[in-house]
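Worksheet for the structure shown next.
Because only heavy atoms are used, hydrogens play no part in the values below, and waters and symmetry mates are left out as well, while side chains stay in. Position 1 is the first residue of the sequence, and the numbers go up from there.
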Amino acid sequence: MIKSVIFHNFRNMQDKKFIFKDKLNIIIGKNNSGKTNILEGIKLAFSAINNSYMKVDKSDFYKGDDNNPIEIILELNKDSIPSFNVPLPDGTEKCGFKVVIKKAPRGRYIKEFFDIEGNTVNRDVVYADDKVPDVHMIPLMRIEDVVSPGLITGVRNLLDSEEEYEAFRQSSREGIKEQIKGKVDKFKDLAKKFNFDLDVDSTVPEISNEKLYVVDGEDTAYKHKVGSGYRAIANILLNTLSGKNTVILLDEIENHLHPALLRNLISEMKSEAFGNVFILATTHSPVAVNEFKVERIIDSTKGSISDLIISEDILNKLNAFLCPSRGEMLVADNIVLVEGYSEEILLRKYVSDNKLNWTIVNVAGIMFEPYVRLARALGKKCVVIRDNDRSQSSDGNEPTSRFKNLQTICDESGITLAMVDNTLETDLYNNGKLSEYTNYLKPHANHADIMVMKDNKSKASFALEVVGNIDLSDWHVIKEITDAFKEGD
């Protein structure tokens with residue numbers, strides 16, 4: 001439904017454009033970087049055309065300057081809202097609208113809307129357009145707020161007895177349940193896909209205030225048995241049942257959800273079961289990020305990540321190799337890339353002991369380049385730790401061509417490459433860190449000055465034994481990481 005959104009003068013979104021893919025996208029970024037502002041800006045734009053209420057005050061204007069109007073421009077897929085289809089000179093059509101919010105007398109703010117080309121449109125036609133979507137911001141809406149309209153009269157006073165009144169209430173309740181049966185059945189079927197036995201039940205209405213509740217399907221008498229995870233899923237599912245076009249804006253999609261349930265939810269959102277629904281979510285979770293191809297991930301300050309990655313080859317590798325442990329770099333600040341488990345174990349212990357804000361990402365010997373390019377594109381502080389493998393050269397002095405190629409990539413990206421001499425154990429030995437662990441080492445067969453692991457020793461056991469028992473504080477790798485992360489602070 002929504003192809004893109006452009007913000008002018010809205011909160012911290014000054015001249016920002018975000019492009020979306022199909023029906024499901026996710027936004028990443030630090031706290032206070034604007035993730036929620038993107039969602040609320042979209043909701044604000046739709047509030048101008050669907051008659052929903054959303055308050056505007058001076059703080060909604062960029063730097064509090066309400067002398068300049070807020071403009072929010074939404075480009076939609078063709079026919080998403082037919083009253084906003086605009087014919088173009090080349091015979092094609094665009095669809096979308098622009099909302100302008102400006103200061104009016106007496107401290108009020110008014111909303112005006114136009115088509116995407118800035119032309120005035122007939123407001124009555126827009127308000128009557130049955131494809132104008134319902135927009136739900138979750139978790140700001142509570143399940144208890146799903147209310148059916150009712151009379152606001154004192155029916156009790158018009159009936160002859162309390163018994164008649166109670167009978168009328170009960171028949172009203174049964175009538176409500178019958179009217180919503182089809183949608184409730186769909187809700188129950190969706191809930192079962194998450195291994196939930198949920199139902200929707202009505203209160204015995206007071207005529208003026210009937211409410212619907214999500215309840216435990218096994219025992220409708222105890223609605224409070226429905227836990228936070230159930231409620232989070234139910235809130236999303238309920239808002240897909242109207243049959244209308246729907247926009248769901250999910251702030252921190254991972255809230256209250258076990259990782260397996262989160263994966264299941266995202267998978268289900270991609271399916272046809274969710275119908276004509278556009279979903280935009282924010283997250284801090286590497287688990288959530290891992291369920292999206294890079295093309296659907298949006299950085300709240302940089303924009304669409306796929307637009308930042310020039311090479312199609314790099315994009316394909318990131319889609320293949322990112323996983324929760326490596327995808328964490330998308331939501332991290334200071335990233336250290338390593339290729340071996342020994343380096344990962346040692347550095348994680350050092351980070352923990354010294355309470356450092358470093359994220360250790362193990363590329364597991366696959367390749368560094370996609371992660372270096374990604375870090376560069378996102379403007380992340382990043383250090384690469386890599387063996388130079390000089391023992392593989394004829395004289396044991398030159399780094400391998402693979403190392404030199406990585407050095408070129410890092411230099412091009414402005415990222416520090418900390419060179420480890422041959423291997424981790426060689427480097428630690430040469431720097432006087434392994435005087436008590438020579439039982440693990442032996443001279444290299446062709447280069448006597450290079451120490452390597454003995455054939456009957458594993459790098460895992462080596463790392464586990466030395467971790468916590470050697471002081472890394474003056475190790476050149478630690479110093480290089482520290483210096484790199486201090487730059488610009």
task: Kindly determine whether Ser311 and Asp313 satisfy side-chain hydrogen bond (donor to acceptor under 3.5 Å, both in side chains), including the steps that lead there.
output: CA-CA 5 Å; Ser311 165; Asp313 178 60; 4.7 Å; no

Basic-acidic side-chain contact under 4.0 Å: [X], [Y]:
X      : Y      : value
Arg402 : Asp387 : no
Asp333 : Lys30  : yes
Glu412 : Arg373 : yes
Asp115 : Lys98  : no
Glu252 : Lys35  : no
Arg390 : Asp449 : yes

Do [X] and [Y] make a side-chain contact, defined as non-hydrogen atoms from C-beta onward lying under 4.5 Å apart?
X      : Y      : result
Glu291 : Leu262 : no
Tyr350 : Leu356 : yes
Leu44  : Asp60  : no
Leu330 : Leu374 : yes
Leu347 : Ile478 : yes
Asp389 : Phe403 : no
Leu378 : Ile305 : yes
Val466 : Tyr440 : no

Side chain of [X], backbone of [Y]: donor and acceptor closer than 3.5 Å?
X      : Y      : result
Thr426 : Met451 : yes
Glu93  : Val86  : no
Ser271 : Glu268 : yes
Asn431 : Trp475 : no
Lys78  : Cys95  : no
Ser304 : Ser306 : no
Thr408 : Lys404 : yes
Asn362 : Glu344 : no

Measuring from [X]:[atom1] to [Y]:[atom2], what's the distance to the nearest 0.5 Å?
X      : Y      : atom1 : atom2 : value
Met367 : Glu339 : CE    : CD    : 12.0 Å
Asn397 : Asn388 : CG    : CG    : 10.0 Å
Leu441 : Ile450 : CG    : CD1   : 12.5 Å
Ile27  : Ile38  : CD1   : CD1   : 4.0 Å
Ile28  : Ser33  : CD1   : OG    : 9.0 Å
Ile248 : Met137 : CD1   : CE    : 12.5 Å

message: So that I know where these two stand, are Phe97 and Phe84 an aromatic pair - ring centroids less than 6.0 Å apart?
response: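 Close enough - the centres of the two rings lie under 6.0 Å apart.
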
task: Flag the pair Phe462 / Tyr341 as yes when their ring centroid distance falls below 6.0 Å, and as no otherwise.
output: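 Here the rings of Tyr341 and Phe462 have centres that are no less than 6.0 Å from each other.
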
query: After noting the C-alpha distance and the side-chain angles of His284 and Asn31, does the key distance pass the side-chain hydrogen bond (donor to acceptor under 3.5 Å, both in side chains) rule?
result: CA-CA 9 Å; His284 294 285; Asn31 289 332; 3.1 Å; yes

- request: Decide yes or no on side chain to side chain contact (heavy atoms under 4.5 Å, CB included) for Ile415 and Leu417, but give the supporting numbers first.
  value: CA-CA 6 Å; Ile415 285 175; Leu417 172 58; over 6 Å; no

- request: Only counting residues at least two apart or in another chain, list the ones meeting side chain to side chain contact (heavy atoms under 4.5 Å, CB included) with Asn316.
  value: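 So Asn316 forms a side chain to side chain contact (heavy atoms under 4.5 Å, CB included) with Glu312.
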
query: Quick one: side chain to side chain contact (heavy atoms under 4.5 Å, CB included) partners of Lys17, sequence neighbours excluded?
result: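 Only Ser4, Ile6, Ile19 meet the side chain to side chain contact (heavy atoms under 4.5 Å, CB included) criterion with Lys17.
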
Does atom [atom1] of [X] have more than 12 heavy-atom neighbours from other groups under 6.0 Å away?
X      : atom1 : value
Lys94  : NZ    : yes
Asp395 : CG    : yes
Tyr429 : OH    : no
Lys293 : NZ    : no

query: Do the numbers put Lys381 on top of the ring of Phe485, so that NZ or CZ is under 6.0 Å from the six-membered ring centre and no more than 45° off the axis?
result: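 No.
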
message: Checking side-chain contact (heavy atoms from CB on, under 4.5 Å) between Ile253 and each of Thr282, Leu280, Leu265, which is the one that passes?
response: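 Among Thr282, Leu280, Leu265, the one meeting side-chain contact (heavy atoms from CB on, under 4.5 Å) with Ile253 is Leu265.
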
At their closest point, which heavy atom of [X] faces which heavy atom of [Y], and how far apart are they?
X      : Y      : value
Asn68  : Phe61  : O-CD2, 3.3 Å
Val247 : Met1   : CG2-SD, 3.6 Å
Gly327 : Pro286 : C-CB, 4.4 Å
Ser394 : His447 : O-CE1, 3.5 Å
Leu424 : Glu343 : CD2-N, 3.9 Å
Ala332 : Thr359 : CB-OG1, 3.3 Å

- request: Applying side chain to side chain contact (heavy atoms under 4.5 Å, CB included), run through Ile70 and Phe7 and close with a yes or a no.
  value: CA-CA 8 Å; Ile70 292 171; Phe7 296 104; over 6 Å; no

Any chance the side chains of [X] and [Y] put a donor and an acceptor closer than 3.5 Å?
X      : Y      : value
Asn405 : Glu369 : no
Asp411 : Gln407 : yes
Asp421 : Asn430 : yes
Asp427 : His476 : yes
Asp90  : Thr92  : yes
Asp79  : Asn85  : yes

message: Run the side chain to side chain contact (heavy atoms under 4.5 Å, CB included) test on Ile2 and Phe46 for me, step by step, so that the C-alpha distance in whole Å, both residues' side-chain angles and the decisive distance to 0.1 Å come before the verdict.
response: CA-CA 11 Å; Ile2 304 177; Phe46 277 107; 3.9 Å; yes

message: Show, in sequence, the C-alpha distance, side-chain angles and deciding distance for Lys433 and Asp474, and conclude whether the side chain to side chain contact (heavy atoms under 4.5 Å, CB included) test is met.
response: CA-CA 10 Å; Lys433 301 295 180 185; Asp474 62 347; 2.3 Å; yes

